[in-house]
Amino acid sequence: MNKQSYADVRKKVERLSSLPTIPPVATKILKLIGSENISLNKVTEFISRDQALSARVLKIINSPVYGFPGRISSISQAVMLIGIGALKGMLLGISMFDMMHKTMMGLWEHSIGTAVAAKAIATKVGMKEIEDVSVAGLIHDIGKVALGICYPELYKNVIIAVGEKKIYIVEAEENIIGANHAEAGSWLARKWRFPLSLVNSIEYHHNPSARHSSMTIAIVHLSDTIIKMMGFGFSGDPFAHRIERIAWDTLALTGEDLKGIFIEIEEAILSQETSIF
Amino acid sequence: MKLIDIKNAKSGMRLARAVENASGMILYGEGIKLTIPIIEKFNSLNIDSIYVEGKSEPRLSRERYLDAADIAFSKVSDNPLMNEIKKGFTEYINSLYE
Ligand SMILES: [Fe+2]
Ligand SMILES: [Fe+2]
């Protein structure tokens with residue numbers, strides 16, 4: 001198969017939810033996320049009607065990925081606490097897990113790990129909307145799933161090229177498919193009317209300085225690298241990108257802060273071996 | 001202090017952090033010794049993880065941690081900031097094995 005044009009890739013990615021290979025629950029979730037005038041009531045109702053989905057939402061929300069370990073027992077409570085933006089992101093995270101090919105299982109761990117790291121850093125720098133940052137970490141690589149679903153054969157070649165040529169996955173995606181996962185993820189996030197901070201943290205998680213570095217982008221950027229360094233999960237991309245100075249300065253972390261962050265992340269991962277992974 | 005999955009909670013363990021309900025009210029205070037009924041109560045409240053006293057075993061061996069960091073940083077090993085972060089991480093890993 002030949003390399004696609006950039007516009008073709010975009011068109012295909014944006015129509016992803018209508019692909020026959022997407023599991024029914026995921027299709028339903030994606031349809032809900034993308035609908036206009038989505039209300040808290042509507043989402044609560046949607047999740048509550050599906051027992052398995054309810055259980056998964058409660059599981060994630062009570063996990064160290066979010067700021068409320070072990071305190072949320074009902075969907076309505078969950079929805080009120082984390083808000084519509086973060087909830088949409090979490091639902092996308094869940095459907096992403098359903099959509100993921102078995103060979104991409106390490107990506108789910110990488111995503112959860114990045115969310116956990118993002119929460120630890122956000123807490124350390126004193127951010128208020130911690131759930132939004134966690135969710136940004138959770139779905140930062142959503143574009144890999146999108147490209148993997150739209151171009152399953154080519155994406156296998158991407159993974160092979162990364163291993164053989166020791167290049168960044170972004171480079172391999174551009175060479176082989178014609179667009180990278182940060183772009184693909186941002187197309188989806190825009191199409192599904194995600195909050196701008198979420199769109200930006202997906203699009204610029206490898207190069208925050210391309211955008212005036214916001215706190216959320218800087219946190220996702222650093223979390224992605226830290227979780228790779230800590231040897232948790234596998235994102236298809238073994239190599240960490242250089243942390244940009246501007247993002248690092250935005251966070252202004254001391255060596256002690258960093259150590260505290262490592263401890264938080266390890267504890268969160270250790271406590272969760274079975275429940276959400 | 002370590003954070004554990006509720007499945008691994010055993011009577012006799014001590015809470016290292018208070019367990020609160022959704023409105024922030026303390027249900028069980030720091031230092032409380034766990035009993036079977038308390039653990040069952042946590043289950044019925046959907047509480048998945050708790051902080052208990054004690055130190056957790058590291059997730060990986062020291063070599064595997066350091067290898068992972070080497071591979072992850074292999075393309076940026078000439079960058080001072082990355083080296084600083086890696087140095088901090090190496091120190092943290094070493095402290096786990098003291
Ligand atoms: Fe990425
Ligand atoms: Fe990533």
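Below, chain A is the first sequence line, B the second, and so on; all start at residue 1. Values below: every heavy atom of this structure, side chains too, minus hydrogens, waters and symmetry copies.
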Just verifying a value: how many Å separate [X] [atom1] and [Y] [atom2], rounded to the nearest 0.5 Å?
X: A:K166; Y: B:K75; atom1: NZ; atom2: NZ; answer: 9.5 Å
X: B:Y65; Y: A:F232; atom1: OH; atom2: CZ; answer: 10.5 Å
X: A:L258; Y: B:E84; atom1: CG; atom2: CD; answer: 9.0 Å
X: B:N8; Y: A:L270; atom1: CG; atom2: CG; answer: 10.5 Å

Is NZ or CZ of A:K259 both nearer than 6.0 Å to the six-membered ring centre of B:Y92 and within 45° of the ring axis?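 The answer is no; the distance or angle limit is not met.
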Can you name the nearest heavy-atom pair linking [X] to [Y], along with the distance?
X: A:R245; Y: B:L81; result: NH2-CB, 3.7 Å
X: A:R242; Y: B:N79; result: CD-ND2, 3.1 Å
X: B:A68; Y: A:G231; result: CB-CA, 3.6 Å
X: B:M82; Y: A:A240; result: CE-CB, 4.5 Å

Heavy-atom check, side chain of A:L222 versus side chain of B:I85, under 4.5 Å: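 In short, these two side chains touch, coming nearer than 4.5 Å.
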Is the shortest side-chain heavy-atom distance between A:T225 and B:F73 below 4.5 Å?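 SC-SC contact between A:T225 and B:F73 confirmed.
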B:R59 side-chain N/O to A:M230 backbone N/O, donor-acceptor pair under 3.5 Å: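 Here the side-chain-to-backbone pair exists.
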Please answer whether the main-chain N or O of A:M229 pairs with a side-chain N or O of B:K86 as donor and acceptor at a distance below 3.5 Å.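 Checking the backbone N and O of A:M229 against the side chain of B:K86, no donor-acceptor pair under 3.5 Å is found.
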More than 12 heavy atoms of other groups within 6.0 Å of B:R64 CZ: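 Result for CZ/B:R64: open.
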Considering only heavy atoms, which portion of A:E264 lies under 4.5 Å from any heavy atom of chain B: side chain, backbone, both, or neither?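 Only the side chain of A:E264 comes within 4.5 Å of chain B.
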Region of B:E91 in contact with chain A, defined by heavy-atom distances below 4.5 Å: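 Contact with chain A involves no heavy atom of B:E91 at all.
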With chain B, which of A:D237, A:I243, A:I226 has the greatest number of heavy-atom pairs at distances under 4.5 Å?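 Winner by heavy-atom pair count: A:I243.
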